[in-house]
Amino acid sequence: MKFKMTPLEKKWVLYDVGNSAFTMLVATIFPIYFNHLAESAGISDVNYLAYWGYTSSVCTLLVALMGPTLGAVADTKNFKKRIFQTVLFVGVAGCVLLGFLSSWLWFLVVFVLAKTGYSASLVFYDAMLTDVTEPERMDTVSSQGFAWGYIGSCIPFVASLAVVLGGGKLGMSLQASMITAFLITAVWWLLSAVPLLISYQQKYYVETTEHVIRNSFARLGKTLKDIRGQKHIFVFLLAFFFFIDGVYTIIDMATAYGQALGLDSTGLLLALLLTQIVAFPSVLILNRAAKKFNPTSILTLCIGAYLFISFFAYGLDTQAEFWILAVLVGMFQGTIQALSRSYFGKIIPAEKAGEYFGLYDICGKGAAILGTTLVSVMTQLTGRMNLGVSAISVLFIIGLFLFRKAVKLNESHSAQTVK
């Protein structure tokens, strides 16, 4: 029987289409433009890669501090949409402002603002999954979000790429091209959120009290204390921290790595466009496989595939090898994100989705602090970029081991609950 999404599920998926455009820009044009600004200021390739990695780590730290706290507040009745809307506007405004900057330092400062707003919006967007659909539909709805997000992001990306690469022929300066590209992405991102903002209603919540902030902190404190006793959730979060940290490090650092290796900028951008195109059918195909076999088996496959990708990146030094890397990432990137999100959504209390997804986001989207710092430090210590990138493999090895343990704990917990 063909799966048919409800109108609200479609509007939730549409936001994935919008925010993925910003992700695509961060993974492609942003680091190339920053490289231009850094070169103009006389910064070396090694330090350029390191500064970009450190900046991504700062974004992660900010969201790690904000996510659980705001998530706990968002669980209060009618608060989730308000906070989502606020951080969304911060991210969009930062994206627009970036095009007007010509200083590499100010570019990084405003990038932190935009990336933090984007990452924070995903805490509440992910938490909305429990409100917009049912547990038995989560795997498919989550996968649809990532699938359409990948293919949908290609539209503003191609438009932005055309402006950046062809702006000179139209008499546009590089900065004018960047302003236009960033504006296209910001408008696409904002408009995609409008239908969800209009229709979304918080289904699961904690009743409003006189002391919303204080009570939210109290609930968060209790959750942090209790979660260690819920081993099936706690161990999954540990596993997720390691393997998704590696995934997002690859996403954040891929273009910067290619630039630092001296690969052609246009080729890098087209390769990452190919990643988006490959990701669309791959997510849908692997989601079908998850239904036929088991979501946890497919998730295990994805983690193993990323372990191979991290080994492959060690010897990467040609444009053709970067294209192969782009295809491999595209095959598994969406599914590892989608099934992780839906798996977590099914094992947590729905009424505490905000604070739980706040904790999830510390380990998740934008939370590549360990990986990006590892790459940056290893690169500067050894002077060899390939050693820094290949060090990510350790994250996947640890993550795979912990995930299989979490699956067994969840099966045991489910069996005890049934009894």
Side-chain angles (χ1 to χ4, degrees), residues 1-3 13 16 126 129-130 133-150 230-251 275 278-312 325 327-348 356-357 360 363-365 392-418:
M1 183 177 177
K2 187 176 180 181
F3 184 87
V13 165
D16 231 327
D126 288 344
L129 182 60
T130 58
T133 191
E134 302 300 325
E136 63 273 12
R137 296 170 65 86
M138 280 187 187
D139 286 335
T140 300
V141 173
S142 183
S143 295
Q144 290 281 340
F146 278 106
W148 288 104
Y150 283 124
Q230 302 178 73
K231 290 185 179 180
H232 63 298
I233 298 177
F234 181 67
V235 176
F236 173 75
L237 282 175
L238 283 178
F240 186 65
F241 172 81
F242 284 102
F243 72 73
I244 212 68
D245 206 346
V247 170
Y248 281 100
T249 299
I250 289 174
I251 293 172
T275 297
V278 169
F280 175 66
S282 296
V283 173
L284 299 179
I285 291 169
L286 288 175
N287 178 62
R288 282 193 173 187
K291 287 182 179 178
K292 185 176 181 181
F293 299 102
N294 190 308
T296 57
S297 298
I298 302 302
L299 200 45
T300 300
L301 171 67
C302 292
I303 300 170
Y306 262 97
L307 177 59
F308 171 79
I309 289 169
S310 65
F311 288 141
F312 179 80
L325 179 72
V327 171
L328 290 173
V329 169
M331 289 173 64
F332 299 100
Q333 179 174 295
T335 301
I336 198 170
Q337 294 169 290
L339 293 184
S340 295
R341 179 169 64 186
S342 57
Y343 180 88
F344 189 69
K346 288 184 286 188
I347 65 175
I348 62 172
Y356 272 89
F357 270 103
Y360 175 89
C363 316
K365 286 185 176 179
I392 300 170
S393 60
V394 176
L395 303 179
F396 294 114
I397 293 171
I398 297 172
L400 181 58
F401 171 77
L402 289 174
F403 175 65
R404 293 314 305 172
K405 183 175 182 180
V407 170
K408 291 180 181 179
L409 288 170
N410 189 51
E411 290 172 350
S412 176
H413 174 78
S414 298
Q416 290 175 5
T417 302
V418 171

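Sequence positions, counted from 1, serve as the residue numbers for this chain.
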Show me the donor-acceptor pairs within less than 3.5 Å that the side chains of residues 293-302 make with the rest of the protein, sequence neighbours left out.
| residue | atom | partner | partner atom | Å |
| --- | --- | --- | --- | --- |
| N294 | OD1 | T296 | N | 2.9 |
| N294 | OD1 | T296 | OG1 | 2.6 |
| T300 | OG1 | T296 | O | 2.8 |
| T300 | OG1 | R404 | NH1 | 2.8 |

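Listed by chain and residue number, K203 satisfy the salt bridge (Lys or Arg N to Asp or Glu O under 4.0 Å) test with E134 (two or more places apart in sequence, or in another chain). The side-chain hydrogen bond (donor to acceptor under 3.5 Å, both in side chains) test applied to S342 returns D139, not counting sequence neighbours. Applying the side-chain contact (heavy atoms from CB on, under 4.5 Å) test to I397 and every residue at least two apart in sequence or in another chain returns L307. Looking at residues two or more places apart in sequence or on another chain, you find no ring-ring contact (aromatic ring centres under 6.0 Å, His included) involving F242. Under the side-chain contact (heavy atoms from CB on, under 4.5 Å) criterion, T133 pairs with E9, L129, R137, M138, V141, sequence neighbours left out. Scored by the ring-ring contact (aromatic ring centres under 6.0 Å, His included) test, Y306 finds F396 as partners (sequence neighbours excluded). Residues passing the side-chain hydrogen bond (donor to acceptor under 3.5 Å, both in side chains) test with K405, sequence neighbours excluded: none. Applying the side-chain hydrogen bond (donor to acceptor under 3.5 Å, both in side chains) criterion to S340, with sequence neighbours excluded, gives no partner residue. Residues passing the side-chain contact (heavy atoms from CB on, under 4.5 Å) test with A406, sequence neighbours excluded: V235, F236.
Rounding to the nearest 0.5 angstrom, the gap separating the CD atom in Q144 from the CG atom in N287 is 7.0 Å. Atoms CZ and OH, on F403 and Y343 in that order, are 5.5 Å from each other to the nearest 0.5 Å. Distance CG/D16 to CG/D126: 8.0 Å, rounded to 0.5 Å.
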*Take I233 and F344 through the side chain to side chain contact (heavy atoms under 4.5 Å, CB included) test and state the conclusion after the steps.*
CA-CA 8 Å; I233 298 177; F344 189 69; 4.0 Å; yes

_Check against side chain to side chain contact (heavy atoms under 4.5 Å, CB included), F332 and L286_ = CA-CA 9 Å; F332 299 100; L286 288 175; 4.2 Å; yes

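Listed here is the closest heavy atom pair of S142 and A338: OG-O, 2.9 Å. The shortest heavy-atom contact between V283 and G334 is CG2-CA, 3.5 Å.
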